[in-house]
2 protein chains.
Amino acid sequence: MSSIIQYKHHDRFLLAVDCIIFGFDGERLKALFIKRGFEPEIGKWSLMGGFVNRQESVEAAAARVLQQLTGLDNIYMEQIGCFGDVDRDPGGRVISVAYFALINIADYTENMMQEHNAKWFTIDKIPQLVFDHKKMVLLAKERLQQKVANHPIGFELLPEKFTLRQLQNLYEAIYGNELDKRNFTRKILSLDILHKLNEKEKASSRKGSYYFVFDEKRYKKLETEGVKFI
Amino acid sequence: MSSIIQYKHHDRFLLAVDCIIFGFDGERLKALFIKRGFEPEIGKWSLMGGFVNRQESVEAAAARVLQQLTGLDNIYMEQIGCFGDVDRDPGGRVISVAYFALINIADYTENMMQEHNAKWFTIDKIPQLVFDHKKMVLLAKERLQQKVANHPIGFELLPEKFTLRQLQNLYEAIYGNELDKRNFTRKILSLDILHKLNEKEKASSRKGSYYFVFDEKRYKKLETEGVKFI
DNA sequence: CCAAAAGTGTTGCGTATACACCCATGT
DNA sequence: ACATGGGTGTATACGCAACACTTTTGG
């Protein structure tokens with residue numbers, strides 16, 4: 001881009017980040033929204049967002065916003081894209097960069113929910129959202145589906161130990177269709193990223209189902225390389 | 001995003017778009033770069049770019065830049081993402097939104113090349129580029145590969161009529177590996193998006209190979225729906 | 001008649017899918 | 001004993017990859 005002198009002649013913009021935070025409750029895929037307590041669009045649901053500051057990168061701004069609103073560091077986060085329509089925000093010309101984030105739903109405390117007027121919504125029952133946030137969420141869901149098909153990031157949404165049933169529920173929730181239990185088990189175990197624990201989850205059945213954790217090394221490898229998961 | 005009053009208190013940024021323009025010469029995948037005629041980084045190769053204006057959307061800015069630098073309208077274009085590192089541009093804090101574009105290489109005239117000091121580079125012989133443009137190009141190539149695997153956008157790179165060999169060369173160029181002629185032919189014809197013309201290309205063989213064009217309707221359908229191509 | 005690229009089918013293999021019964025246990 | 005969810009194997013279908021020879025024609 002041009003020279004320093006030319007730079008001065010161009011328009012400047014407010015730059016925001018908006019975060020689609022996904023969570024999984026063991027049954028359904030959820031997204032976190034906050035209820036706006038101020039105008040414009042007071043009372044409407046909205047993504048979590050904030051403005052980018054001069055001295056931070058856009059990505060750092062997204063991480064900061066996530067930290068502020070969830071209390072969590074090192075959240076898995078991926079850029080969805082830039083939303084730059086002229087009238088996307090009736091409050092002024094704001095360019096927004098959207099990110100999606102994956103968190104373990106249990107890490108988001110009741111406190112945090114109250115503090116920010118936040119609420120989890122099942123992914124196919126999303127409320128009306130302000131501005132172009134709905135578009136962002138839909139795109140985020142698509143990207144999540146794409147990514148999850150080849151990378152083990154879905155585990156970011158699970159607690160440290162989980163049952164195969166929960167894992168299958170997660171994939172079913174992300175794709176919105178049912179999977180065959182036997183085929184799913186075979187495939188996921190063949191990837192060799194899971195360790196079976198000697199401990200059973202007993203809440204949801206009499207027999208109890210084994211907990212699994214993932215193998216850190218293999219997990220990281222597949223995260224960068226990618227494999228066909230589904 | 002907050003209220004109008006709050007908006008005022010936040011930093012504003014220069015916003016640029018940068019375009020990775022892909023072309024295909026029948027043999028190899030190419031990208032178009034321009035030689036900077038001014039500081040900083042004078043004499044280095046760079047993506048085509050420009051600043052976003054207050055009254056236009058980011059996407060419109062990208063289309064405008066493409067129009068200005070190629071003379072072409074209605075170019076196939078897709079957003080890659082936002083690049084917002086603090087020091088990505090030594091000339092100042094500039095946020096850039098990168099797009100990739102696909103054009104028929106024959107549509108880019110010699111005139112245009114000279115006017116903008118532009119040059120096509122084979123995709124795996126990319127010169128040193130300014131700022132983070134190399135990163136953009138690599139990401140663009142990845143996105144192109146992903147997209148082309150499921151959507152017929154590769155045809156944007158071809159002249160209206162083309163031979164199966166040229167089409168195969170294109171896919172080979174995009175993926176950087178060789179394909180089996182028989183398997184490729186079978187697969188691509190089974191998609192039922194091609195019409196065989198009664199006309200042969202005679203330049204590259206004695207026997208001559210039939211030209212094909214694509215079926216507009218089926219093409220559009222697959223573009224939106226997606227199919228497994230490769 | 002020869003060189004050079006075009007055009008064209010078959011087979012084997014591996015992966016994905018469909019499908020149903022027994023197991024362990026708390027009540 | 002029984003109800004509930006957990007855990008497991010096999011048979012089939014399909015898509016993908018490997019593979020080679022004949023055709024055409026300009027020179």
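If you're wondering where the values come from, they're calculated on a predicted model, not measured in any experiment.
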- Note on the structure: Rounded to whole Å, NZ of B/Lys200 lies from C1' of D/dG26 at a distance of 13 Å
- Row check, A/Phe212 ring normal vs A/Lys196 NZ/CZ: under 6.0 Å, within 45°: no
- B/Leu167 CG to C/dA6 P, straight-line distance once rounded to whole Å: 13 Å
- Item | Length of the CZ-C1' vector between A/Phe229 and C/dT15, whole Å | 17 Å
- Residues two or more places apart in sequence or in another chain: which of them pass ring pair (Phe, Tyr, Trp, His ring centres under 6.0 Å) with A/Phe214? A/Phe155, A/Tyr219
- Task: Determine yes or no for a side-chain-to-main-chain donor-acceptor pair under 3.5 angstrom, with A/Ser209 supplying the side chain and A/Ser205 the backbone.
- Result: no
- Message: Could you check whether any side-chain N or O of A/His133 sits under 3.5 Å from a backbone N or O of A/Ser46, counting only pairs where one atom can act as donor and the other as acceptor?
- Response: no
- Rounded to the Å, how far apart are B/Gln166 CD and C/dA5 C1'? 13 Å
- Looking at D/dT23, does its base get a donor-acceptor pair with the side chain of B/Lys207 below 3.5 Å? yes
- Message: What is the separation between atom NZ on B/Lys202 and atom P on D/dG27, rounded to the nearest whole Å?
- Response: 9 Å
- Query: Checking B/Asp132 side chain against B/Lys135 main chain: does a donor-acceptor pair fall under 3.5 Å?
  - Reply: no
- Looking at residues 174-182 of chain A, who's got a heavy atom less than 4.0 Å off DNA chain D? A/Lys181, A/Arg182
- Query: Contacts to DNA chain D from residues 144-152 of chain A, heavy-atom cutoff under 4.0 Å, which residues?
  - Reply: none
Let me check something: any side-chain donor-acceptor pairs from residues 172-185 of chain B under 3.5 Å, sequence neighbours excluded? List them with distances.
from     : atom 1 : to       : atom 2 : distance (Å)
B/Glu172 : OE2    : B/Gln168 : NE2    : 3.0
B/Glu172 : OE2    : B/Leu179 : N      : 2.8
B/Tyr175 : OH     : B/Gln145 : O      : 2.6
B/Tyr175 : OH     : B/Ala149 : N      : 3.2
B/Asp180 : OD1    : B/Arg182 : N      : 3.0
B/Asp180 : OD1    : B/Asn183 : N      : 2.9
B/Asn183 : OD1    : B/Arg186 : NH2    : 3.1
B/Thr185 : OG1    : B/Lys181 : O      : 2.7

- Take the protein atom CD of A/Glu201 and the nucleotide atom P of C/dG26, then report the distance between them rounded to whole Å. 13 Å
Donor-acceptor pairs are to be reported for all side-chain atoms of residues 24-32 of chain B against protein atoms at under 3.5 Å, with residues two or more places apart or in another chain.
from    : atom 1 : to       : atom 2 : distance (Å)
B/Asp25 : OD1    : B/Glu27  : N      : 2.7
B/Asp25 : OD1    : B/Arg28  : N      : 2.7
B/Lys30 : NZ     : B/Thr122 : OG1    : 3.4

- Item | Touch class at under 4.0 angstrom, heavy-atom based, for A/Thr163 against every strand present | nothing
- nucleotides 12-17 of chain D: protein proximity per nucleotide (B base, S sugar-phosphate only, - neither; heavy atom, under 4.0 Å): ----SB
- Query: Side chain of A/Arg88, backbone of B/Ser57: donor and acceptor closer than 3.5 Å?
  - Reply: no
- Message: Can you confirm if the NZ or CZ of A/Lys35 lies within 45° of the ring axis of A/Phe33 and under 6.0 Å from the centre of its six-membered ring?
- Response: no
- Query: Okay, side chain of B/Arg143, backbone of B/Ile80: is any donor-acceptor separation there less than 3.5 Å?
  - Reply: yes
- Item | Between C/dG7 (C1') and B/Gln168 (CD): distance, integer Å | 12 Å
- Starting at CZ of B/Phe184 and ending at P of C/dT8, how long is that distance when rounded to a whole Å? 14 Å
